[in-house]
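A quick write-up on the structure given underneath.
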Amino acid sequence: MLRRTAVRRASATALVLTSAALGLTVPAGAAQAAPVTCAPGVWKAEFFPNTTFRGTPRKTACDNAIAENYGTGAPAGLPRDNFGVRWTTTRDFGSGGPFTLTAEAADGIRVYLDNVLKIDLWKDVPKTRKKAVRLTVPKGKHTLRVNYAAFTGPANVKFTYAPVTSKADDKVKPLAPARPKASYDAKSGRATLGWGRNNELDLAGYQVHRRVLPASGKAGAWAVVSGKKPLTGTSFTDRPKSDGSSYAYAVTALDKAGNASARSAEARIGTAAPAPAAPAGLAVSGDYLEARLTWAKSKETGLAGYRVWRRDPRHDWQPVLTTRETSATDTPVADGTAYEYAVTALGAGGKESGRSASVAFASVDRSLPQAPLDLAAFDTPPVGVALYWRIRDDATHFRVYGRDEDGGADFTCLGSVQGEDLKFLDRTIRPGRIRSYYVTAVNDQGVESGRSKVVRNGDEPS
């Protein structure tokens, strides 16, 4: 039978066979220079000078599709009649599901799935025949093989396979995406999630889910954060609250029939809480013994409390106390030191603000002044009793105490004199009476010394 005239179509196979472009004839049985390996899902095409696929292929190439029209010719190096082409590909079908296999050819075509014959149109015919079958492909990797025989006459062949995507027919859920990984950039406050591409052939896209992981207790509910429209890429950037919380991310795959996979494994991140602002409005009051501090309540949420700081000329800032209130009382050492106070806010995740503006507080000098020395009492009738003493430290004033020796009560204050006066005249004693005396010194903070020695009028000075 003579081949009818047909339009030749340049195919991917013909382009690979450079010998055709050069007008060369490949000798029968010529050895391949190197094995040809094609990517998963790409067809490996082997060309035979027979229709039984015996012997070594004359040529091997990679085809992205099986769609050839040789007309009345043949691929370079093959006879015009009775040549064969075998295409094979192995790929991952993901979760599998219903597929449609469609074959059309003039002359013979056979289609195999994992070496099981699914389409058989093996006959020398002058017209193109077509057949489609629907079958369920199990999940995982499978091999498709297409044998084509050009007996006589025009030669053309086409084969396609496609998932069935109608909701009524496809009830198979996609496989969950694999290998999710997440990272968090504290500077930008962004979380980045990536995952492995799904092998589903009817994939519509992905959805990213997020939930809060508290420090204790039950995790939060999952929520979609990637929007309603499925993502077509394999990465997603999120901006969770930067409050020190931890988050879990997971990804689901969606197919064109609307089926959703189970969630992927979790990928977790921890956010960095920003430092809160320093408290404002710090004020101090007190009676020189206690520093009573108040400040304005921070407007930031999630604060753990406040920390009060203190320093003096001899020491740097030191923490004094923490509180959840907006007031605090401190009792510093009562030695007359001039102190400064400041307050910081304690945020989530251990972040602490800078110190507030400081306030000054001067404590009272609680060190006892020295008691007067060498107290002496002299009768000065009829005026009274004159008392004299001396001191080593300055005092703002002195207090004089007396008690009658004829069954009188305890010592009572008879009066006081200014610090520059080191004498006192007791005009209240009646003539002939004996009275005991002592004197104390009082400093400018109102602190009173201990007693001087006790003397009586009429005694000889010691």
Can a side-chain donor-acceptor contact be found between T60 and E46 if the only test is distance below 3.5 angstrom? no
Assess whether side-chain contact (heavy atoms from CB on, under 4.5 Å) is satisfied between H209 and V251, documenting all intermediate values. CA-CA 6 Å; H209 306 251; V251 188; 6.0 Å; no
Which residue is it: E448, R451, R399? I am looking for the one with a side-chain hydrogen bond (donor to acceptor under 3.5 Å, both in side chains) to T440. E448
Flag if over 12 foreign heavy atoms under 6.0 Å of CG, D394: no
Going by distance alone, is a donor N or O of one side chain under 3.5 Å from an acceptor N or O of the other, for Y247 and D238? no
Is any NZ, NE, NH1 or NH2 atom of the basic residue among R190 and D185 found under 4.0 Å from an Asp or Glu carboxylate oxygen of the other? no
Just by distance, with hydrogens left out, do Q207 and S226 show a side-chain donor and acceptor under 3.5 Å apart? no
Separation between CZ of R86 and CZ of F47, rounded to the nearest 0.5 Å: 12.0 Å
If you look at every heavy atom in L203 and A253, which pair is closest and at what distance? CD1-CB, 3.9 Å
Is a donor on one side and an acceptor on the other found under 3.5 Å between the side chain of D63 and the backbone of I66? no
Determine, stepwise, if the pair R197 / N199 fulfils side-chain contact (heavy atoms from CB on, under 4.5 Å). CA-CA 7 Å; R197 184 170 294 280; N199 290 315; over 6 Å; no
Are the side chain of D379 and the backbone of P381 linked by a donor-acceptor contact shorter than 3.5 Å? no
In plain terms, say whether E68 and K158 are close enough for a salt bridge, that is, a side-chain N and a carboxylate O under 4.0 Å apart. no
So for atom CD, which belongs to E420, do other residues, nucleotides or ligands contribute more than 12 heavy atoms lying within a distance under 6.0 Å? yes
With no hydrogens and no angle check, do the side chains of H142 and T90 hold a donor and an acceptor under 3.5 Å apart? no
Under 3.5 Å: donor-acceptor pair, side chain of D114, backbone of T143: yes
Does either side chain, that of Y341 or that of D330, offer a donor lying less than 3.5 Å from an acceptor on the other one? yes
Heavy atoms only: give me the nearest P276-G347 pair and the separation to one decimal. CG-N, 3.7 Å
Under 3.5 Å: donor-acceptor pair, side chain of E200, backbone of D255: no
Contact check, side chains of D202 and D170, non-hydrogen atoms, under 4.5 Å: yes
Let me know which of Y437, F411, Y438, F424 forms a ring pair (Phe, Tyr, Trp, His ring centres under 6.0 Å) with Y401. Y438
For the residue pair S261 and P177, what are the closest heavy atoms and their distance? OG-CD, 3.8 Å
Could E340 and R310 be called an ion pair, given the rule that one side-chain N must be under 4.0 Å from one carboxylate O? no
Scan S353, S327, S356, S298 and name whichever one has a side chain to side chain contact (heavy atoms under 4.5 Å, CB included) with Y306. S298
T344 side chain to R355 backbone, donor-acceptor under 3.5 Å: no
Carboxylate-amine/guanidinium proximity below 4.0 Å for D374 and R390: yes
T329 vs E290, test: side chain to side chain donor-acceptor pair (under 3.5 Å). Steps then yes/no. CA-CA 7 Å; T329 299; E290 288 184 336; 5.4 Å; no
If we count only N and O atoms by modelled type, under 3.5 Å, do the side chains of S436 and E405 hold a donor and an acceptor together? yes
Would you say E352's side chain and A275's backbone share a donor-acceptor pair under 3.5 angstrom? no
Please step through side chain to side chain donor-acceptor pair (under 3.5 Å) for the pair R311 and S358, ending with a clear verdict. CA-CA 10 Å; R311 73 174 175 180; S358 63; 5.3 Å; no
CZ/R292: more than 12 non-hydrogen atoms of other groups inside 6.0 Å: yes
Distance from L201 atom CG to D92 atom CG, nearest 0.5 Å? 8.5 Å
Quick test of your reading of the model: are K131 and E104 salt-bridged, counting only N-O distances below 4.0 Å? no
Might you point out which heavy atoms bring A377 and V455 nearest each other, and give the distance in Å? CB-CG2, 3.9 Å
Between the side chains of R134 and D169, is the shortest nitrogen-to-carboxylate-oxygen separation below 4.0 Å, so that they form an ion pair? yes
Check against side-chain contact (heavy atoms from CB on, under 4.5 Å), L117 and R110: CA-CA 7 Å; L117 183 63; R110 285 173 175 159; 3.9 Å; yes
Is the ring pair Y161/F93 parallel, tilted or perpendicular, if the boundaries are 30 and 60 degrees? tilted
When you check the side-chain N and O atoms of T323 and R307, is any donor under 3.5 Å from an acceptor? no
Under 4.5 Å between any side-chain heavy atoms of V442 and P369, yes or no? no
Does some side-chain heavy atom of V208 sit less than 4.5 Å from a side-chain heavy atom of Y249? yes
Between F398 and I391, is there a side-chain heavy-atom distance shorter than 4.5 Å? yes
Minimal non-hydrogen separation, F236 against W195, with atom names: N-CZ3, 3.9 Å
Distance-only polar pair, side chains of T88 and W43, donor-acceptor under 3.5 Å: no
Could you go through the side-chain contact (heavy atoms from CB on, under 4.5 Å) check for V172 and T136 one step at a time? CA-CA 10 Å; V172 180; T136 299; 5.9 Å; no
For the side chain of R239 and the backbone of S188, is there at least one donor-acceptor N/O pair under 3.5 Å apart? yes
For A204 and T232 the tightest heavy-atom approach is O-CG2, 4.4 Å
